[in-house]
*Asks:* 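The structure's right below; bear with me while I get my questions together.
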Protein chains: 2
Amino acid sequence: MSDYQTFTADDARQFALSHSDTFRDSDKLEAEEFGDGNLNLVFRVKNQQGRSLIVKQALPYARCVGESWPLTIDRARIEAEVLLRHGRICPEHTVQVLHYDAAKAAILMEDLGQLTILRSELVAGKQFPRLASQMAQYLAHTLFHTSDFVLNGLQKKTEVARFLNPELCLITEDLFFTDPYCNHERNNIHQAILPQARELWHDEALQAEVARLKADFLSKPQALLHGDVHSGSIFIDAQQCKVIDAEFGFYGPIGFDVGSLIGNLLLNYAGQFGLQEDTTALEQQHRYLLEQIETLWQGFASEFSQLMQTQSKESSFANSSYQHFFLQQVLADSIGYAGCELIRRTVGLAHVADLEQIRNEQLRARSERLALMLGRQLIMQRHSLTTIQQLLTLVQHQELPA
Amino acid sequence: MSDYQTFTADDARQFALSHSDTFRDSDKLEAEEFGDGNLNLVFRVKNQQGRSLIVKQALPYARCVGESWPLTIDRARIEAEVLLRHGRICPEHTVQVLHYDAAKAAILMEDLGQLTILRSELVAGKQFPRLASQMAQYLAHTLFHTSDFVLNGLQKKTEVARFLNPELCLITEDLFFTDPYCNHERNNIHQAILPQARELWHDEALQAEVARLKADFLSKPQALLHGDVHSGSIFIDAQQCKVIDAEFGFYGPIGFDVGSLIGNLLLNYAGQFGLQEDTTALEQQHRYLLEQIETLWQGFASEFSQLMQTQSKESSFANSSYQHFFLQQVLADSIGYAGCELIRRTVGLAHVADLEQIRNEQLRARSERLALMLGRQLIMQRHSLTTIQQLLTLVQHQELPA
């Protein structure tokens, strides 16, 4: 860490200039910091012709998340290396990393400013017809090509060790799997749904199933996950879709990445009841979201199957019954982790705009209750929901709580 | 490796003298090499009063196992560190390591020469009433205290990385899970059971289940396993029982260790039909072996439950339904891995005396066929055999093949 210094705008300009061909020495470069300044510095470096790059630097500050939670700047290495690996596998849907400097904990990457963040668009009721099919490709390829189907034991174990990422995993272990199911001070619960939150703290059947999902999060290194595939990590427009922010990357259960995205689509589904006043528009948005979930799973399953059939390097896993079983367990895991995401985003520390931006408190509470009900059912029924249609039917037949 | 030199008897004497209080400088020490000389040198260093220690040194030779399979001397580190960790947790049943030298790849440990190797005793029809209850304690304690119930994410991940052991894991991946299910040149199949071996190569339903067990072997780091708990790794007498040879140690599924031992007891069960001519003695030995399997599982489950209830450090896993589920999956895994052990010891590269020492070829073939039949049933039925009694009933009702 001796070389580490917090970047000034000038450092960011210099970093961008030195490590890419985008700019010329004669360019007059502007650098503007626009991150939240809490975890990372994020600079946009731009020349007069409007070409731009992003410089992201991890801050070594102890950030407080409830209790104090210092975060290693090694997360910049994790982020850069996950993006580089995923970028080699699926360049279409991974933000491009141009350079990474370990000592400075800084990453130089392409600017996706021409795209928008998926979450705010979904909150505004926008639709992106290619979202699910593009994310299905991204998930199938990045997860398959880092799995036991492709890597041999030595390669896989080396990669597992490279991406242990214990500190950031601990955040997920706590925020995702522990806090929402007990009366933890880090939880963030709106008064109106306190009774429903309390039910979680005494629901031992639910807690047992969440423990199984947590145990798999800890001890099921199936593939190199992005680790935080929520709608705030996706840049999108009508044509393109790119994933950013891979600092939570590690070897974990494949269903965690798939389920995080399904959970975020369902959070928006629940939120739309309070966000969208027009009934026809509400129905359209709901139909869109459910179609996307269906396309996401079908596209993922079909691509992953194709890859298993044609590109498995490990002969033991070329067996078609095994491949069928494997996909079924990914579906069950995905549904379970989607359920966890619904619950933790409603009563845990980190909330989402899909619910928070519902202005009317009663409507918000109703959407939050729906998210909790859905979350619980997904977790509890994940082994009996053996097709994505069964999941969609469950969602559609959900009665909106009072 | 610059310090590494193959030990002479004199080096072994010096190593034992320098790194323990067992001997005095004035002692006249004898050192005798008695290993198989293929993988390791094993010296017994003894003084005139009859006190003795063992010096084990890993050889860097490329050993040929079918194809050439060079083995890192880092396995001495793995062996020493696994034994030291397990020894801290369960000193009663782990061979004591007095010193380990990384550069020399040498371990100084207690001499268990007053005990005998379990396999040869079982082959001779001997019984050790405390075997199962002692091994149940060993397995429950070593596996619980290295699991997610006790270690936090950071500790666990650090340990997982320390014990990746890719080279020795690869041996198991191949010999245990791959070779027996295809026509591999490494396989070692007696002519008489070639038809039954061939059935394995075309049994896609069985291969699918073995693939699931192999995937868990690769990607289910539940606890620090011994990794090779067979009856040749256990020193025993009427009072004591100690486990040696931990070079295959790594973080894997708990059921692998438990199942390896059950599989070895069942190999002896199958072998007894050909080893024991006297019907009454045969029945007695069978009864003993089944009782030991029952006691092993019941003792393990009861101790592991007790530990989960009283010593879980991770609150999420304090849930009793989760703990019940956890033990059930360990049982299913154990039965599955026991099945794999039965099959691979019968048709794979490394055979066992329990079958090989049957002098009559026809009788040996009959026992081997029984081992294969049992192995297949255990693997295929592991999820429906939900109690150890159901497993024992299955074994007892097995008809001896022609």
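Letters go in sequence order (proteins before strands), and every chain restarts at 1. Because only heavy atoms are used, hydrogens play no part in the values below, and waters and symmetry mates are left out as well, while side chains stay in.
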*Asks:* Counting heavy-atom pairs under 4.5 Å with chain B, which one of Ser320(A), Ala318(A), Ala208(A), Gly153(A) comes out on top?
*Replies:* Ala208(A)
*Asks:* Count the heavy atoms of every other residue, nucleotide or ligand shown that sit under 6.0 Å from CD of Gln309(B), and state whether that count exceeds 12.
*Replies:* yes
*Asks:* Select, from Ala211(B), Ala205(B), Cys169(B), the one with the greatest count of heavy-atom pairs under 4.5 Å involving chain A.
*Replies:*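 Looking at each of Ala211(B), Ala205(B), Cys169(B) in turn, Ala211(B) comes out on top.
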*Asks:* Any heavy-atom pair between the side chains of Asn319(A) and Tyr181(B) that's under 4.5 Å?
*Replies:* no
*Asks:* Sort Ala215(A) into side chain, backbone, both or neither according to what part of it lies under 4.5 angstrom from a heavy atom of chain B.
*Replies:*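 The answer is both parts of Ala215(A).
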*Asks:* Is it the case that Arg212(A) places NZ or CZ above or below the six-membered ring of Phe325(B), under 6.0 angstrom from the centre and within 45 degrees of the axis?
*Replies:*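 Yes, Arg212(A) lies over the aromatic ring of Phe325(B).
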*Asks:* If you tally heavy-atom pairs under 4.5 Å against chain B, which of Ser321(A), Pro166(A), Ser147(A) wins?
*Replies:*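 Maximum pair count with chain B is reached by Pro166(A).
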*Asks:* Hey, what do you get for CG (Asp179(B)) to OG (Ser316(A)), rounding to the nearest 0.5 Å?
*Replies:* 9.5 Å
*Asks:* Are there more than 12 heavy atoms of other residues, nucleotides or ligands under 6.0 Å from atom CD of Gln311(A)?
*Replies:*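 Yes, because the 6.0 Å sphere around CD of Gln311(A) holds more than 12 heavy atoms from other groups.
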*Asks:* Between Glu209(B), Glu314(B), Gln222(B), Gln323(B), which shows the greatest number of heavy-atom pairs under 4.5 Å with chain A?
*Replies:* Glu314(B)
*Asks:* Answer with side chain, backbone, both or neither: which region of Ser315(A) has an atom nearer than 4.5 Å to a non-hydrogen atom of chain B?
*Replies:* side chain
*Asks:* Between Leu164(B), Asp216(B), Val210(B), who has the most heavy-atom pairs with chain A when the cutoff is under 4.5 Å?
*Replies:* Leu164(B)
*Asks:* Quick check for you: among Lys220(A), Lys214(A), His324(A), which has the greatest number of heavy-atom pairs under 4.5 Å with chain B?
*Replies:* Lys214(A)
*Asks:* Judged by atom type as modelled, is there a donor-acceptor pair below 3.5 Å linking the side chain of Ser219(B) to the main-chain atoms of Pro221(A)?
*Replies:* yes
*Asks:* Can you tell which part of Glu173(A) gets under 4.5 Å to a heavy atom of chain B, answering side chain, backbone, both or neither?
*Replies:*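 Contact with chain B is through the side chain of Glu173(A) alone.
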*Asks:* Do the non-hydrogen side-chain atoms of Leu218(A) and Phe317(B) ever get within less than 4.5 Å of each other?
*Replies:* yes
*Asks:* Check whether Phe250(A) gets within reach of chain B through its side chain, its backbone, both or neither, counting any heavy atom under 4.5 Å.
*Replies:*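 Contact with chain B involves the side chain of Phe250(A) alone.
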*Asks:* If you tally heavy-atom pairs under 4.5 Å against chain B, which of Thr158(A), Val160(A), Asn165(A), Leu154(A) wins?
*Replies:* Leu154(A)
